[in-house]
Asker: 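I have a structure I would like to understand better, so I am pasting it below and will then ask my questions one at a time.
The model shown is predicted, which means the values in this text are computed figures rather than measured ones. Chain A is the first sequence line, chain B the second, and so forth, proteins listed ahead of strands; every chain is numbered from 1.
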Protein chains: 2
Amino acid sequence: MKRLFLLIPIVFICFPGLSQSPDSLLIRKIFDNALNNRDAYNNLRQLCGETPGRLVGSDASIEALKIMKNYFEQMRADKVYLQEFTTDAWMCDSASVFLVSGTGKLKLLHCDALGPSSSTPEMGITAQVVEVHSLDEVKKLGKEALESKIVFYNRPWDNSFINTFYGYGNMVDQRGRGPALAAECGAAAVVVRSVTNSLDYYPHTGSTRFGEVKIPAVAISTLDADLLSKTLENDPGAKINLFVEAKDLKQITSYNLIAEITGTEFPDEYIVVGGHIDAWHNTQGAHDDGAGCVMSADVLRLFKDLNIRNKRTLRAVMFMDEELYQSGGVAYAESVKEKGEKHLFALESDGGAFTPRYFTVSANPEVVATLAKFQPLLHPYGIDEIKAGWGGVDIGPLKDQGIPLAGYGTDSQRYFDMHHSPNDSFDKINLRELQLGCGNMAAFIYLIDKYGIE
Amino acid sequence: MKRLFLLIPIVFICFPGLSQSPDSLLIRKIFDNALNNRDAYNNLRQLCGETPGRLVGSDASIEALKIMKNYFEQMRADKVYLQEFTTDAWMCDSASVFLVSGTGKLKLLHCDALGPSSSTPEMGITAQVVEVHSLDEVKKLGKEALESKIVFYNRPWDNSFINTFYGYGNMVDQRGRGPALAAECGAAAVVVRSVTNSLDYYPHTGSTRFGEVKIPAVAISTLDADLLSKTLENDPGAKINLFVEAKDLKQITSYNLIAEITGTEFPDEYIVVGGHIDAWHNTQGAHDDGAGCVMSADVLRLFKDLNIRNKRTLRAVMFMDEELYQSGGVAYAESVKEKGEKHLFALESDGGAFTPRYFTVSANPEVVATLAKFQPLLHPYGIDEIKAGWGGVDIGPLKDQGIPLAGYGTDSQRYFDMHHSPNDSFDKINLRELQLGCGNMAAFIYLIDKYGIE
C-alpha cells in the first residue's frame with residue numbers, strides 16, 4: 001500500500017492520462033479475461049505434444065506453423081500468412097559419447113550434438129581428452145597440445161549471479177566459440193559441459209559458430225562432466241569415443257508466420273509482438289519458446305475478445321530459426337525494409353513463461369523513459385520495472401531501422417534448469433504464470449498503441 | 001538502474017549506515033554461500049521422503065523433529081532442545097466418496113477428510129446432495145432443506161485475484177466454517193470443493209472449525225466437484241456415499257524444536273526465525289511448510305558458516321501443529337511470557353519456497369517504516385517490498401506481547417496448485433528459489449540484529 005501511495009502522485013505529474021480509470025479498468029478487463037482463458041495453454045500443449053524438436057528445416061517446424069496458422073484463422077485475425085525465405089539449416093540424427101577409462105570400461109554419457117556440429121566417421125572418433133576451463137587456456141595450449149585431441153570445456157556455472165541470464169552469459173562462450181577455437185588448434189572434436197546451473201543428467205544443446213573448419217561438437221550433462229573430469233584426474237589417458245550423425249541442409253525454404261489485426265486509425269503503422277516457433281531437436285521447447293509464441297497469439301485474441309480497437313495494425317509474428325541461424329528474424333527485418341513498412345514498436349518474449357517481473361527496452365533513453373511511465377499501471381500484475389535492456393534475438397535486426405524494441409522479462413530462477421534440453425517440457429508450464437504473461441504483454445501493447453511512444 | 005539511482009539517496013538520508021559497503025558486502029557473502037550450499041535442499045528432501053503426513057500426533061511428526069534436531073546438533077548450534085506441550089490432535093485413517101447416480105452407477109471421487117472430521121458408520125453415509133455456493137445460502141436453506149442431507153459447497157476459485165492468497169481467502173470460508181454451519185442445520189455430512197485455483201484430481205484438505213456438533217467433512221478435487229455438479233444438474237436425486245475413518249486424540253504430548261546461537265552482546269534478547277514442521281496427512285508438505293523449516297535452519301547455518309557474530313540470541317523454531325489446532329505457536333508464546341524472555345523480533349516463512357518477492361511486517365507503523373529501510377539492500381536479491389502485512393500463524397500469538405512479527409513473502413502463483421494436497425511434493429522445489437529464501441531470511445535477520453528496530 002505504502003508503495004502505491006508513492007507512485008500515484010508521480011503518475012499524475014508525469015502522465016496525467018494514465019492514472020485515470022479507463023486505462024486501469026481496461027487493463028483489469030484484460031487480466032480478468034486472460035486469467036480465465038486457456039487458449040494459450042492449450043496451444044502450447046498442442047505444440048509441445050505434437051511438434052517437439054521443431055528446428056528449422058524439420059517437418060515438426062512446418063507442423064507447428066500449421067497449428068498456429070489454424071489458431072489465428074479460427075480467431076478470425078484480419079490477415080494470416082506465411083512469410084517465405086530461404087536459409088541454410090542443419091539436422092541431427094544421432095549423437096553418443098562413450099567414456100573409455102584406463103581399464104577399457106565403456107560408459108555412455110548423456111549428450112547431444114551442438115548445432116551445427118559436423119558428423120564423425122561411422123565408428124566415431126576415439127581420442128584422448130584435454131580438459132580446459134577457458135578459451136584463453138585453449139589459446140595457450142595451442143596446436144601442439146590439442147591436435148587430434150578431444151577438447152573438453154568444463155568451466156562450471158557460477159551460482160552467484162542472481163539473474164541467471166548473467167550466469168548463462170558468463171559460461172556460454174565455451175559452447176558458442178569454444179568449438180571453433182578448438183578446431184583452429186587442430187582438435188578432433190569438442191565436448192562441452194552443458195550450460196546450466198542444474199546438476200543433472202540432461203544434455204543442454206545450443207548453437208556454436210564455426211569458422212572455416214567444422215568439427216564434431218557435443219554437450220554432455222553436468223553430472224557427466226563432473227564424472228569425466230574426475231575420471232581424467234585418476235586416469236589422464238582416458239579416452240572418449242564420440243559419434244555424431246548430422247547433416248547440413250543448404251538453402252531450404254522456410255517461413256515466419258504472421259497474423260494481423262488491422263489498425264483503425266493508422267493501418268499502415270505496425271506494432272509487432274512475437275516469439276520464435278522453432279526449438280532444438282532434443283526438446284518440446286515449452287518455455288523456449290513455444291510460450292513466447294502462444295502468449296503473442298493470445299495478445300491478438302485478447303484484443304479481439306475484448307473488442308479493443310487498436311489504432312495501429314497489431315502483428316503477431318512467429319519467427320522461425322532463432323536457435324540455429326536467426327534467419328527468420330533477418331528475413332522479417334529485410335521485408336520490413338523492402339516494403340517500407342512503418343514500425344512503431346516490436347515486443348518479443350523469449351525468456352519463458354515464468355512469473356512476470358519486467359520489460360526491458362532497447363531504444364534511446366527518451367523512449368525508455370516514456371515507456372517506463374506505464375509501469376505503475378502494470379505493477380499490480382507483477383511488472384516491477386520497465387527499464388533499458390535487451391529486446392530479443394528475432395526482433396534484433398529491426399534495430400538498424402531505428403525501431404524501438406522491448407523484451408518481456410520473467411523470473412529467471414528456473415529457466416536454465418530446462419533451457420535447450422529435454423527438460424523444457426509442457427509439464428513445466430504453470431497455467432497462471434503463462435496467463436499473466438499474456439495479460440502483461442497485451443496491456444503493454446495496448447498502452448503503446450493508445451499513447452504512442454513519442 | 002533507474003530505480004537504484006532513485007533509492008540510493010533515500011537510503012543516505014534515512015539510514016546512512018546501510019549504503020556503506022560492509023553491509024552490502026556481508027549480504028553478498030551470505031548469498032554466495034547460500035547459492036552454493038545444499039543443506040536446506042537436502043534436509044527438505046529427507047523430510048519429504050522420510051516423513052510425509054507429519055500431522056501433530058503422528059509418528060512422522062516425531063521423526064521429522066529428530067531429523068532437524070540431528071541437523072542442528074551437527075551444525076553445533078549452542079542449544080538444541082524440544083519444547084514439550086500437550087494438545088488435542090486428530091488422526092485420519094481413510095476417506096472415500098462414491099457418487100451414486102440415478103442409474104445406480106458408482107464412481108469413486110478423489111477426496112480426503114478435512115481435519116478434524118468425525119467418522120462415519122462403517123458403511124458410510126449415503127444421502128442426497130444439496131449443492132450450495134455460500135454460507136449465506138446454507139443459512140437461508142436452513143434445517144428444513146438440509147436435514148440429513150450432504151451439503152456440497154461448490155463456489156469456485158476466483159481467478160481474477162493476482163496474489164493467490166486473496167483467491168484463497170475469498171474461497172476458504174466454505175471449508176473453514178461451512179461444515180460447522182451445515183452441522184447446525186442438521187446436515188449428515190459435508191463435501192467441499194478443494195480450495196485451489198487448479199483444475200485437477202488432487203483433493204486439498206485443510207482445517208475446519210466445528211461448534212458443538214461434529215459431522216464428517218471431506219474435500220473433493222475440483223474436477224470431481226465439477227462432475228458432481230453436472231451430475232446433480234441432470235439427476236437432482238443423485239446421492240453420495242461418504243466414508244471417513246478418523247479419530248480424535250485427547251491431550252497428547254508433542255513438541256516444538258528450538259535451536260539457538262547465543263548472542264554476543266545481548267544473549268538474553270531473542271530473534272526468532274521459524275516455520276512449521278507439521279504437514280497434513282495427505283502430503284509431503286514440501287512447500288507447506290518443510291521449506292520454512294529448512295530455510296530457518298539454514299539461517300543459523302549461514303550465521304555459523306560465515307562467523308557472523310549475532311548480538312542477540314538467534315533462535316530457530318520448528319513449530320508443531322500449525323495445521324490443526326495451532327497448539328505449537330500458542331505453547332511457544334506462553335513459554336516466552338512465563339519465562340519473561342525478551343523478544344526483539346520474530347520472522348516466519350510459511351508461503352513456500354518460491355522466488356522471493358517481499359517481507360510483510362505486522363507491527364506498529366514506525367517499526368514497519370524502520371524495517372522498510374532495509375529493502376534497498378535486499379532488492380538485488382529479489383525483495384521488492386518490505387511493507388505492512390501478515391506475520392505468520394505460528395508466531396501470531398506473540399503479537400499480544402507487543403513483539404514485532406514478519407512473514408517472508410514469495411511469488412504466489414504456484415502455491416495453491418499444491419497446498420494441502422499430495423501435489424506438494426519435493427519435486428516441486430526449485431533449488432535456487434529455496435537458496436534465495438535462505439539468503440534473504442538470513443540477510444534480513446542480520447540487519448535487524450545489527451541495527452535493532454527502534
Side-chain angles (χ1 to χ4, degrees), chain A residues 1-4 6 10 28-29 31-38 156-164 167 197-200 353-358 365 368-369 372 375 379-382 384-389 410-417 427-428 430-436 439-440, chain B residues 1-4 6 10 28-29 31-38 156-164 167 197-200 353-358 365 368-369 372 375 379-382 384-389 410-417 427-428 430-436 439-440:
Chain A
M1 284 308 285
K2 220 177 112 289
R3 180 169 172 166
L4 265 181
L6 270 173
I10 296 172
R28 183 65 252 183
K29 273 191 193 167
F31 279 91
D32 285 346
N33 184 304
L35 289 166
N36 285 294
N37 184 284
R38 290 178 177 238
W157 184 280
D158 181 346
N159 285 316
S160 66
F161 293 102
I162 304 303
N163 185 318
T164 59
N197 50 284
S198 184
L199 285 177
D200 59 35
F354 306 99
T355 209
R357 305 270 347 208
Y358 52 82
V368 176
Q375 186 272 339
H379 182 249
Y381 308 101
D384 289 323
E385 295 179 284
I386 297 178
K387 58 187 178 183
T410 60
D411 195 84
S412 74
Q413 298 311 321
R414 290 174 280 155
Y415 190 55
F416 290 99
D417 291 351
D427 57 300
K428 308 304 184 311
N430 177 274
L431 171 64
R432 277 183 63 90
E433 291 182 331
L434 183 78
Q435 289 168 328
L436 286 172
N440 274 304
Chain B
M1 284 305 288
K2 220 176 113 285
R3 181 170 172 161
L4 264 182
L6 271 174
I10 297 171
R28 184 65 251 184
K29 271 191 194 167
F31 279 91
D32 285 346
N33 182 305
L35 289 165
N36 286 295
N37 183 284
R38 290 179 177 240
W157 184 281
D158 181 346
N159 285 315
S160 66
F161 293 102
I162 304 303
N163 184 320
T164 58
N197 51 285
S198 185
L199 285 176
D200 59 36
F354 306 99
T355 209
R357 306 267 353 205
Y358 53 82
V368 177
Q375 186 273 339
H379 182 249
Y381 308 101
D384 289 323
E385 294 179 285
I386 297 177
K387 60 188 178 184
T410 61
D411 195 84
S412 74
Q413 299 310 320
R414 292 175 278 154
Y415 190 56
F416 290 99
D417 290 352
D427 57 302
K428 307 304 184 311
N430 177 273
L431 171 64
R432 278 183 61 90
E433 292 182 331
L434 183 78
Q435 289 169 328
L436 286 171
N440 274 304

Asker: When you compare the side chain of A:R38 with that of B:L199, does any pair of heavy atoms fall below 4.5 Å?
Answerer: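 They are in contact (side-chain heavy atoms under 4.5 Å apart), so the answer is yes.
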Asker: So what's closer than 4.5 Å to chain B heavy atoms on A:P356: side chain, backbone, both or neither?
Answerer: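 The backbone, not the side chain.
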Asker: When only pairs under 4.5 Å are counted, which of B:I162, B:T164, B:N163, B:D417 shares the most heavy-atom pairs with chain A?
Answerer: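 Greatest number of close heavy-atom pairs with chain A: B:I162.
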Asker: Using a cut-off of under 4.5 Å for heavy-atom pairs, which of B:N33, B:N36, B:L431 has the most such pairs with chain A?
Answerer: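 The option with the most such pairs is B:N36.
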Asker: B:R28, B:E433, B:R357: which one forms the most heavy-atom pairs within less than 4.5 Å of chain A?
Answerer: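 Most heavy-atom pairs within the cutoff with chain A belong to B:R357.
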Asker: Is A:F416 in contact with chain B via its backbone, its side chain, both, or neither, using a 4.5 Å heavy-atom distance?
Answerer: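 No part of A:F416 comes within 4.5 Å of chain B.
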Asker: How long is the straight-line distance from OG1 of A:T355 back to CD of B:Q413, given to the nearest 0.5 Å?
Answerer: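 Rounded to the nearest 0.5 Å, the CD-OG1 separation comes out at 4.5 Å.
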Asker: Do any N or O atoms from the side chain of A:R432 and from the backbone of B:N159 form a donor-acceptor pair under 3.5 angstrom?
Answerer: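 A pair under 3.5 Å: yes.
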Asker: If you count heavy-atom pairs under 4.5 Å with chain B, which of A:L35, A:D158, A:L436 comes out on top?
Answerer: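 Maximum pair count with chain B is reached by A:L35.
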Asker: For A:D32 and B:S160, work out which heavy atoms get closest and say how close.
Answerer: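 Where A:D32 meets B:S160 most closely, the heavy atoms are OD1-CB, 3.2 Å.
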